[in-house]
**Student:** 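Quick one: this structure, given as structure tokens, is what I'll be asking you about.
Predicted, not measured: the structure shown is a model, and the values here were computed from it.
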Amino acid sequence: MEAVAMAKPEREKVIALVGNPNSGKTSIFNDLTGARQHVGNWPGVTVEKKEGKLSYQGQTFNIVDLPGTYSLGAYSEDELIARNFILFDKPEAVINVVDASNLERNLYLTIQLLEMGANVVVALNMVDEARARKIEINIPRLAQALGVPVVPTVATRNEGIKELVATVAKRVQETICQPLKVNYGREIENELDKLEQIIKQDAKLAAKYPPRWLAIKLLEDDERLEAELQKEGARHVLDAATKSKKQLHEILGEEVEAIIADRRYGFINGLVKEAVTRRQTLEERLTLSDKIDSIVTNRYLGLPIFLLAMWAVFQFTFKLGDPMIGWVESAFEGLTGLATGWLEALGAPQLLTSFIADGIIGGLGSVLVFIPPIFLLFLAISLLEDSGYMARAAYIMDRLMHALGLHGKSFVPLLIGFGCNVPGIMATRTLESRQDRLITILINPLMSCTARLPVYVLFTGAFFIANQGWVIFSLYLLGIVLAIIMGKIFKTFLFKGDTAPFVMELPPYRVPTLKGTLIHMWERGSSFIRKAGTVIVGVVVLIWVLSNLPLGVEYASQESLIGRLGTILAPVFKPAGFGTWEAAVALVFGILAKEVVVGTLGVLYGVEENGLTAAIAHSWTPLSAYAFMVMTLIYIPCVATIAAIRRETNSWGWTASAIGYSLVLGWVMAVLVFQVGRLLGLG
């Protein structure tokens, strides 16, 4: 019998998407993949990874959205991820998204991609904005100069996407293009030639890295690559590079890295002069964005406008969301009644009825009723981000951060922390200084993430319904103020040194698209639903079990295991005004996930006729409720945040410090709020 060889499955064609921040890369990713996308982390790295599927003429492409970056210098984690993916995963094509209205800045990344030998297709995005600013681009001439296809697009209107897909599909079938050669001047070119020959003699090294590109990176003092070559035993290459750098420094009198960057920009300037015509007067170059910025980033008006914008977000969220909470709460109450009646009619044991009604529906329902305000909050934040205002917020806060000795760039991870502290901590990788990174990591958990929002909504709904937006706004503001104060303390006593300058790009204002805004809202809000279906369900079941043990005790009583635990801890919180065992247990389980605080209270109090809100109003006071919310804001971060701190600091010492100081600070602030409130007659 003749053996039949099994055909090896063909690798799925991979298309990488790369571009500067604010170039419209995310919009193009959404246009290409639609709903066929998922979000995870890069293997071994806690940086978000987006992938999606694109079908074209019977072929399926895997689109990988790389982190937005201005260059491939590998100074930050995002740059390293983007570079390594293109270098080692070797995607069949790379879509380089370029802002047509800001070619000079965007083309620096393009040149680096072409020097690597990547199979590039340039998506010349926002051509409508370029036209509005009277910038005319000769696209055939630009494509000829770069040696790669250039496709004009307007991603927000889905214009040019079909042409982009067709061009990419054709490009995938073509042979790999030759790397671009930028002339760096006679002296540098001579040394590059020497290094390139040495690299080519090492077959293993030449197969792994494009030889000329590697030679350039070595002259640029790329420490990450040097460390890799050291591991690979390429000491002879490193020695040759050191010799070349020393010789060039003696001849040219300055750092080679700076000269290479200047020559790249010189190449780009020449290219832009060839392909771009500007028909603007100096006065016309003052765009609408410039005029708006003269007000919203004003030295005196900027901060009040930012605070007003944040206040408006919370008013929008809770004025619109409060009625929706009532609808969802009523639905769960009805579901509880139906389940109880159905189980009793079937003659189910009381324990099973309690498990489903009190444990599953009561515990999970007490959390899921807060879906409306959470999605509305993400909708409002997405509108601010997509419009370009959030970049201004970071710029505005830079002055205050610098005055306190902190890095202005730190405010960007803190802003991200409003959504979730985990990506906020991961975003510190854009900070070059380890000291700045550590400070920002330590204060990031003080940002009030949306996991705390159900707690705020529950207690403000019980006691502060007329001023719900104001009260929740005060908690978010308190987190910012405490973060700045703690950052100053850390900077003064633990991380002394000068603060690096902060350079922040301010993208032009844009009208957010409905599709893009809804996608961003769903991406963030759906994580709350996923957590409710996994972590929170598991925890509420555990709480229900502990509330019924040992067998025979009254459900959720002080005699149960969970009641005994709470009774032991309750005295610690008595000075803060919430010294009940239910509150103590809720805070303990809230370490697993902050949403669990509400789920725990839902299981322990049970969902009565008027719901959990009524139970809270009966057992607490407005002052003790506010102190409890302050404690929830500040005390120990959730386990996911703790894990992120450990990974990013690579230190159990700093992780323990973050846990310890936040616990003490949370208790002190809660006690201060309650005791000062009592002295003022607010008890």
Side-chain angles (χ1 to χ4, degrees), residues 16-25 66 68-76 79 82-83 86 94-127 129-131 133-153 177-189 192 210 212-213 215-217 219-222 252 254-280 285 503 505-508:
L17 198 61
V18 65
N20 287 190
N22 305 308
S23 62
K25 182 169 65 72
L66 298 174
T69 179
Y70 294 105
S71 77
L72 298 175
Y75 296 110
S76 70
E79 291 177 352
R83 188 178 83 182
I86 295 167
V94 175
I95 298 175
N96 176 210
V97 184
V98 169
D99 179 355
S101 63
N102 204 340
L103 270 181
E104 290 90 339
R105 186 201 65 213
N106 280 239
L107 285 176
Y108 193 85
L109 177 62
T110 308
I111 299 305
Q112 289 185 313
L113 288 167
L114 295 175
E115 285 188 313
M116 289 173 69
N119 196 17
V120 173
V121 173
V122 173
L124 191 65
N125 198 32
M126 305 180 195
V127 290
E129 290 188 14
R131 288 192 211 105
R133 293 167 64 176
K134 297 183 180 179
I135 300 172
E136 296 177 8
I137 301 173
N138 188 323
I139 292 174
R141 190 173 294 175
L142 179 63
Q144 184 181 19
L146 292 173
V148 296
V150 177
V151 182
T153 61
C177 59
Q178 290 297 315
L180 176 74
K181 288 188 72 171
V182 175
N183 191 316
Y184 290 109
R186 182 171 55 84
E187 294 86 356
I188 292 178
E189 286 296 332
L192 284 175
R212 178 178 168 86
W213 175 84
I216 293 170
K217 297 308 295 177
L219 290 186
E220 286 183 306
D221 270 332
D222 191 306
L252 302 173
E254 57 181 307
E255 295 298 328
V256 183
E257 182 182 6
I259 298 172
I260 288 175
D262 284 344
R263 296 286 165 84
R264 279 201 193 108
Y265 277 116
F267 178 84
I268 291 167
N269 288 336
L271 191 154
V272 168
K273 284 179 182 176
E274 284 289 317
V276 179
T277 304
R278 299 180 186 273
R279 303 190 184 281
Q280 296 170 298
R285 290 184 190 178
V503 179
E505 180 201 5
L506 298 181

**Student:** Nearest heavy-atom pair of Leu109 and Thr69: which atoms, and what distance?
**Tutor:** CD2-O, 3.5 Å
**Student:** Under the side chain to side chain donor-acceptor pair (under 3.5 Å) definition, can you give me all pairs with a residue in residues 260-269, not counting sequence neighbours?
**Tutor:** Tyr108-Arg264, Glu115-Arg264, Tyr184-Arg264, Glu220-Arg264
**Student:** Applying the side chain to side chain donor-acceptor pair (under 3.5 Å) test to Asn96, which of Asn106, Asn20, Thr110 qualifies?
**Tutor:**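 When Asn106, Asn20, Thr110 are each tested with Asn96, the side chain to side chain donor-acceptor pair (under 3.5 Å) holds only for Thr110.
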**Student:** Ignoring hydrogens, what is the shortest heavy-atom contact between Ser23 and Val97? Give both atom names and the distance.
**Tutor:**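 Of all heavy-atom pairs spanning Ser23 and Val97, the closest is O-CG1, 3.5 Å.
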**Student:** Kindly compute the distance separating CZ (Arg133) from CE (Met126), expressed to the nearest 0.5 Å.
**Tutor:** 10.5 Å
**Student:** Are side-chain heavy atoms of Asp99 and Arg105 found at a separation under 4.5 Å?
**Tutor:**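 A side-chain contact under 4.5 Å exists here.
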**Student:** Nearest 0.5 Å, what's the CD1-CE distance between Ile216 and Met116?
**Tutor:**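 The CD1 atom of Ile216 sits 11.5 Å away from the CE atom of Met116.
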**Student:** To the nearest 0.5 Å, what is the distance between CG on Leu142 and CG on Asn138?
**Tutor:**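 Nearest 0.5 Å value for the CG-CG distance: 8.5 Å.
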**Student:** Mind checking whether Trp213 and Leu72 have side chains closer than 4.5 Å, heavy atoms only?
**Tutor:** no
**Student:** Measuring from atom CG of Asn125 to atom CD1 of Ile95, what distance do you get when rounded to the nearest 0.5 angstrom?
**Tutor:** 11.5 Å
**Student:** Quick check: do Leu66 and Ile86 have side-chain heavy atoms less than 4.5 Å from each other?
**Tutor:**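 Side-chain contact under 4.5 Å: yes.
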**Student:** Would a 4.5 Å heavy-atom cut-off, applied to side chains only, mark Leu103 and Leu124 as touching?
**Tutor:**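 Yes, close enough: below the 4.5 Å cut-off.
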**Student:** Taking salt bridge (Lys or Arg N to Asp or Glu O under 4.0 Å) as the definition, give me every residue that meets it alongside Glu104, ordered by chain and number, with sequence neighbours left out.
**Tutor:** Arg278
**Student:** Is the side chain of Glu129 donor-acceptor paired with the backbone N or O of Ser101 at a distance under 3.5 Å, no angle test?
**Tutor:**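 Checked: no pair found.
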**Student:** To the closest 0.5 Å, what do you measure between CG (Asp221) and CD (Glu257)?
**Tutor:** 6.5 Å
**Student:** Phe267 pairs by side chain to side chain contact (heavy atoms under 4.5 Å, CB included) with which of Val272, Leu107, Leu180?
**Tutor:** Leu180
**Student:** Between Ile137 and Val127, is any pair of side-chain heavy atoms under 4.5 Å apart?
**Tutor:**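 They are not in side-chain contact.
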**Student:** Take atom CD in Gln144; do more than 12 heavy atoms of anything else shown fall under 6.0 Å from it?
**Tutor:**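 At most 12 heavy atoms, drawn from other residues, nucleotides or ligands, come within 6.0 Å of this atom.
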**Student:** Looking at side-chain heavy atoms only, is the closest gap between Leu252 and Ile188 below 4.5 Å?
**Tutor:** yes
**Student:** Hey, does Asp222 have a side-chain heavy atom less than 4.5 Å from the side chain of Arg83?
**Tutor:**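 SC-SC contact between Arg83 and Asp222 confirmed.
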**Student:** Do Val148 and Val121 come within less than 4.5 Å of each other through their side chains, counting heavy atoms only?
**Tutor:**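 With C-beta onward as the side chain, the pair stays apart.
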**Student:** Could you grab the distance from atom NZ of Lys217 to atom CD of Gln112, nearest 0.5 Å is fine?
**Tutor:** 6.0 Å
